[in-house]
Amino acid sequence: METEPCEEFDPAKPTKPEVEEAITEPADGDTHTELPCGSAEEGQELHGEEQAEAESCAGESQSSDIRKPSDPEECGDTACKEQRKLQKTNNWKTVRFQEPSMDDDVLEIDSSAESLFPEYVSEEWTSSTFEELFGEDDWLDITEDRLLRKKLVKSGAPDALIPVWGQEVSVKMQCVLEDRTVVEKDTKLVFVIGEGDVNQALEECVMSMQKREITLLLADSQCAYGLLGREPDIPAWAPLLYQLQLLDFREKLDPLTLPVADRIRIGNQKRERGNFHFQREEYSMAARAYSMALDVLTTRSRDGGNGGVKTEEEEVRDYRVKCLNNLATVQIKLEQYQEALSSSREVLTLEPNNVKSLFRVGKLLSDMGEYKEAMEVLKRALKLEPTTKAIHAELSKLVRRQSGGKDTQEWISKPAAMLGDNITPFLIPSKKKPSGISWKFILGSLVVALGSLVTSLILTARN
């Protein structure tokens with residue numbers, strides 16, 4: 001199948017693609033769209049075969065310290081392989097969720113090896129092996145399985161509280177591999193505990209810290225980036241050593257009380273995190289991140305009014321379409337077909353001519369046995385994209401299903417110039433197999449008979 005090159009980076013195509021077809025957006029001025037189609041290959045079903053759905057967000061940076069990986073469905077296989085080498089992750093891949101009013105106070109991330117805690121440099125931080133640290137008696141176990149261990153460097157405020165699940169925390173942190181290569185560094189990382197904004201190690205650790213406390217955190221790979229690691233800087237199964245300080249924590253702000261511009265920024269960061277999980281085939285976490293992004297991406301205010309201007313409303317709508325398309329694809333991966341159908345229908349309420357969602361809705365309805373409605377939806381998609389082979393293939397598959405699986409009819413693709421508004425399928429009878437006895441069978445029988453007769457004559461003459 002032909003695919004178009006990626007337009008830009010903006011979360012994650014799977015590292016090991018399970019899909020055999022890709023949905024690609026037409027470039028400006030191009031009228032051809034190639035859609036995923038389970039029926040393009042005989043017997044292939046929709047469920048579990050559809051590529052993640054997302055459009056590119058041209059020219060927009062969502063965070064000063066995050067390079068966006070590409071959206072799940074945007075890239076062709078060859079182009080995205082090259083892109084993933086360069087942009088699958090960022091050397092400082094952590095998502096920041098501070099409020100814009102605080103942005104002026106946040107320094108740019110320092111990519112140097114210089115320590116953020118120069119006055120607290122210790123042997124554990126600079127030279128000890130991780131095996132030694134996992135066995136040290138003066139380290140505390142955060143988890144019973146000893147996969148997370150911490151050592152107090154500086155005590156926090158006396159009688160200070162510790163953050164709990166669902167609160168927003170800000171930390172200063174740096175992280176190294178065992179060879180002391182710096183892989184993460186942030187002077188003010190802000191995240192909400194329990195929302196998957198960062199890895200498990202950081203979430204678990206901050207819930208054991210007091211305000212202003214400085215600690216060393218040793219994390220087994222199972223609590224960090226595990227089997228897949230994080231290209232290009234963290235290898236598979238790599239344990240990590242953090243040094244971090246809890247700067248502050250507070251209750252999570254209600255997104256509906258924030259300005260619309262802030263919601264767009266936070267919602268897109270959640271979407272990027274979802275795409276990060278999608279790339280790692282962590283579909284449940286990806287679905288959760290997309291759902292949280294949708295909760296934030298709204299112009300509705302707490303009092304029921306609409307707080308956005310027209311341009312912001314359009315931007316929110318566009319980003320909601322991206323999240324819903326991604327969410328529908330993840331739900332198909334999780335075999336949540338009714339939920340995927342609902343997400344796709346919601347896309348069509350925002351963007352009625354979204355060909356990808358029309359195609360997905362038609363395909364899902366066809367697989368669910370709703371043939372009449374599926375035919376209507378797929379015809380709408382074909383009218384918008386008459387040259388797309390995948391839609392023709394799915395219609396052909398639908399016609400076979402309507403005929404009870406008998407190969408008595410087939411879909412004939414009309415040339416684009418002939419379609420116009422009339423997109424009713426051409427149905428023609430299949431070529432019928434000739435009835436009666438084959439002449440080849442008759443000829444073979446005669447040859448055998450003659451051979452038998454000649455053999456009998458020869459044997460008789462010899463006797």
Side-chain angles (χ1 to χ4, degrees), residues 1 3-4 6-7 9-25 33-40 44-57 68-77 80 84 267-268 270-294 297 318-351 354-368 377-378 381 388 390-391 394:
M1 173 178 289
T3 55
E4 296 174 9
C6 298
E7 298 173 11
F9 302 115
D10 190 344
K13 187 175 178 178
T15 305
K16 299 178 181 178
E18 296 181 359
V19 291
E20 298 175 359
E21 297 100 356
I23 301 175
T24 57
E25 290 263 289
T33 301
E34 190 100 6
L35 295 168
C37 180
S39 63
Q44 187 179 25
E45 294 295 325
L46 167 69
H47 304 321
E49 294 296 327
E50 186 167 355
Q51 184 72 334
E53 192 81 17
E55 296 84 2
S56 62
C57 169
K68 293 186 271 185
S70 62
D71 260 340
E73 71 156 3
E74 275 195 12
C75 306
D77 290 340
C80 276
R84 286 198 298 270
N268 274 304
K270 297 287 188 184
R271 179 173 63 89
E272 289 172 1
R273 193 69 182 178
N275 290 336
F276 174 74
H277 289 304
F278 183 92
Q279 179 183 7
R280 298 167 63 85
E281 301 179 14
E282 299 166 344
Y283 298 126
S284 294
M285 297 180 70
R288 184 164 175 260
Y290 291 138
S291 297
M292 289 190 293
L294 289 167
L297 289 169
D318 291 343
Y319 286 134
R320 284 189 67 85
V321 167
K322 295 176 187 178
C323 285
L324 286 166
N325 276 331
N326 287 354
L327 179 60
T329 301
V330 170
Q331 288 166 337
I332 290 174
K333 292 286 188 181
L334 296 172
E335 299 184 0
Q336 299 171 352
Y337 304 120
Q338 286 292 346
E339 291 83 350
L341 182 61
S342 297
S343 298
S344 299
R345 288 188 188 278
E346 190 172 347
V347 171
L348 297 179
T349 63
L350 298 171
E351 197 174 288
N354 188 292
V355 179
K356 298 175 186 180
S357 287
L358 286 170
F359 179 83
R360 184 185 288 114
V361 168
K363 207 170 192 328
L364 283 167
L365 289 171
S366 176
D367 290 342
M368 293 175 182
V377 174
L378 288 172
T388 302
I391 301 176
E394 185 61 29

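None of the values given here were measured: they were computed from a predicted structure.
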### Set of side-chain contact (heavy atoms from CB on, under 4.5 Å) partners for A289, sequence neighbours left out
none
#### Entry: Verdict with supporting geometry, D367 and Y337, side-chain contact (heavy atoms from CB on, under 4.5 Å)
CA-CA 10 Å; D367 290 342; Y337 304 120; over 6 Å; no
### Task
Working to the nearest 0.5 Å, report the span between CG of L294 and CG of L324.
4.5 Å
### Task
Kindly indicate, with the supporting measurements, whether the criterion side-chain contact (heavy atoms from CB on, under 4.5 Å) is fulfilled by L341 and Q338.
CA-CA 5 Å; L341 182 61; Q338 286 292 346; 4.2 Å; yes
### Query
Which distance, rounded to the nearest 0.5 Å, do you find between the OH of Y283 and the OG1 of T329?
10.0 Å
### Message
For A381 versus F359, what's the shortest heavy-atom pair and its separation?
### Response
CB-N, 4.4 Å
### Query
Can you tell me how far CG of D318 sits from SG of C323, rounded to the nearest 0.5 angstrom?
11.5 Å
### Task
Measure from the side-chain N and O atoms of S366 to the backbone N and O of G362, and report whether any donor-acceptor pair falls under 3.5 Å.
no
### Task
Output every pair passing salt bridge (charged side-chain N to carboxylate O under 4.0 Å, His left out) with a member in residues 341-350, not counting sequence neighbours, ordered by first then second residue.
R320-E346, R345-E373
### Query
With sequence neighbours excluded, what pairs up with R288 under the salt bridge (Lys or Arg N to Asp or Glu O under 4.0 Å) test?
none
### Task
Rounded to the nearest 0.5 Å, what's the gap from CZ on R360 to CG on N354? Could you check?
8.5 Å
### Message
Tell me the closest heavy-atom pair linking F278 and A286, and the distance in Å.
### Response
N-CB, 3.8 Å
### Task
Rounded to the nearest 0.5 Å, what's the gap from CZ on R271 to CG on L327? Could you check?
13.0 Å
## Note on the structure
Rounding to 0.5 Å, atoms CE (M285) and CZ (F276) come to a distance of 9.0 Å
### Query
Q331: what forms a side-chain hydrogen bond (donor to acceptor under 3.5 Å, both in side chains) with it, not counting sequence neighbours?
S343
